[in-house]
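So the structure is just underneath, and the comments pick up after that.
Chain naming here is simple, since letters A, B, ... match the order of the sequence lines and numbering starts at 1 in each.
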There are 2 protein chains.
Amino acid sequence: MANTQDDTLASRISRVLAERIISGALSPGARLRQDHVAEEFGASHVPVREAFRRLEAQGLAVSEPRRGVRVASFDLREVREVAEMRAALEVLALRHAVPNLTPAVLDKAETATATADCASDVRSWEEANRAFHRLILEPCAMPRLLASIDDLHAASARFLFSAWRSSWQPRTDHDHRAILAALRGGNGDEAAAILGRHVQWIGRTPVRNESGETREIFSIVG
Amino acid sequence: MANTQDDTLASRISRVLAERIISGALSPGARLRQDHVAEEFGASHVPVREAFRRLEAQGLAVSEPRRGVRVASFDLREVREVAEMRAALEVLALRHAVPNLTPAVLDKAETATATADCASDVRSWEEANRAFHRLILEPCAMPRLLASIDDLHAASARFLFSAWRSSWQPRTDHDHRAILAALRGGNGDEAAAILGRHVQWIGRTPVRNESGETREIFSIVG
DNA sequence: CCTCCTGAAATTATCTATAATTTTTTGCCA
DNA sequence: TGGCAAAAAATTATAGATAATTTCAGGAGG
């Protein structure tokens, strides 16, 4: 087994459910029935309820008393809200990270960007992109700020996977390279400015729905 | 009774415990024992555990698997972190609130500031101050952002009550008035700039501890 | 054919009781 | 006094029960 030591059952359940919500395996509005989840994980309802509370706090689920828990819905307004919050907080984190950035970290970030550029599917692009942002922000050493940014990245990833369900168009991330160049040149203000603009960029993806109509779905691509 | 309908037991318990943590009735590092809490509220351990998860998400408690839950500790670095996060997010919220601000809202905010200036104790000052910030930010209509700001205000209040345990020195809040003047004059950028600087102001309070030594305790006073 | 109502089934929220594990405390002995 | 072992307490989890509420399916009536 080798999995029963580290942390609590509730947190394992919440991680698995979070992953499913982010990936889109659980659609917005879907009900999360505690007894079904409990049965699936071979657990009782107590840890399941605790997992639900965590998902609620992360904004991935909403709960109405006596009516149960549902996967949170989202719309263009929330995509914009998350983009702006990420811009504000990531800029703050970067400003504090700048004095602690080492060439080694910047090299790792460069590698992450290269990985993202080569990604052939949206899942691996998201993973590499997130790694890039994490790498350059982590040295700010502000745990509460980093935790908030992580939650916003989870929301971002959900929007992204919902827009690019299967297809993915590889792209070269010029912003990431410009940020790295500015950081290497010791120009923290410029790097922060590019990052703020970069994160707020909202991509449009044309999507054909069941009835054959073409809609545009919006997501954060940065 | 009239209290058993509205919401769930778990959320009531978490509200009461949050209130105690913020007010300082529960000190940093204090253990929260689920059975004791359950007994006090005449509840079983299940809703208590759910309440703990919410406190954890709000940053008011920390949980170590198998070792239970404790009231979160904090230090000057976290005070600074919360101040900077508040500055970043409140500025963002104000920028979006500006187009929706009405004279009625600004009048209410002015009243809140007047109430804060007259406050004779730190509790009522904090309440009025929070009302001021809420009033001018709420019209941004960004629920996720406002929820984050609320959590940061809870943390701020905790720092504040810890610094000004009993005493409180009334003060006239010139920043609040300057913000209102700028907003009335249609100068949103200036209002946002003052707000950003205002929230980052960290007050120092000399405090005498048990051994008679004088230390300085820091908190956000805005 | 659609709408509204009703009753059955499902679900939530809660409690009690219990077990296994782990941590903390206590108390003994050197 | 210090260190170790036993006892006590606490956490995490299960199982089963119950009251209240919501959901849903089907039938009566327009």
Q) Between A/Ser162 and A/Arg158, is any pair of side-chain heavy atoms under 4.5 Å apart? A) no
Q.
Tell me every residue that passes ring pair (Phe, Tyr, Trp, His ring centres under 6.0 Å) with B/Phe52, counting only those two or more places apart in sequence or in another chain.
A. none
Q. For D/dT23, does either OP1 or OP2 sit under 4.0 Å from a side-chain N or O belonging to A/Arg67?
A. yes
Q. Taking DNA chain D as the partner, which of residues 27-41 of chain A come within under 4.0 angstrom of it by heavy atom?
A. A/Arg31
Q) By a strict heavy-atom criterion of less than 4.0 Å, which residues belonging to residues 42-60 of chain B are in contact with DNA chain D? A) B/His45, B/Arg49
Q: Indicate whether any N or O donor in one side chain lies under 3.5 Å from an N or O acceptor in the other, for A/Glu84 and B/His96.
A: yes
**Q.** Cationic N near anionic O, under 4.0 Å, B/Arg123 to B/Glu19
**A.** yes
Q: In plain terms, say whether A/Glu50 and A/Arg53 are close enough for a salt bridge, that is, a side-chain N and a carboxylate O under 4.0 Å apart.
A: no
**Q.** Rounded distance (Å) that lies between atom C1' of C/dT12 and atom CG of B/Asp7
**A.** 15 Å
Q: Take the protein atom CD of A/Glu64 and the nucleotide atom C1' of C/dA13, then report the distance between them rounded to whole Å.
A: 15 Å
Q. Is any side-chain nitrogen or oxygen of B/Thr8 closer than 4.0 Å to OP1 or OP2 of C/dT14?
A. yes
Q. Do A/Gln200 side-chain atoms and A/Ala87 backbone N/O form a donor-acceptor pair below 3.5 Å?
A. no
Q. Are the side chain of B/Asp75 and the backbone N or O of B/Glu78 linked by a donor-acceptor pair below 3.5 Å?
A. yes
Q) Side-chain donor or acceptor of A/Arg66 under 3.5 Å from a matching atom on the base of C/dT12? A) yes
(Q) Salt bridge or not between A/Glu126 and A/Arg130? Use side-chain N to carboxylate O under 4.0 Å. (A) yes
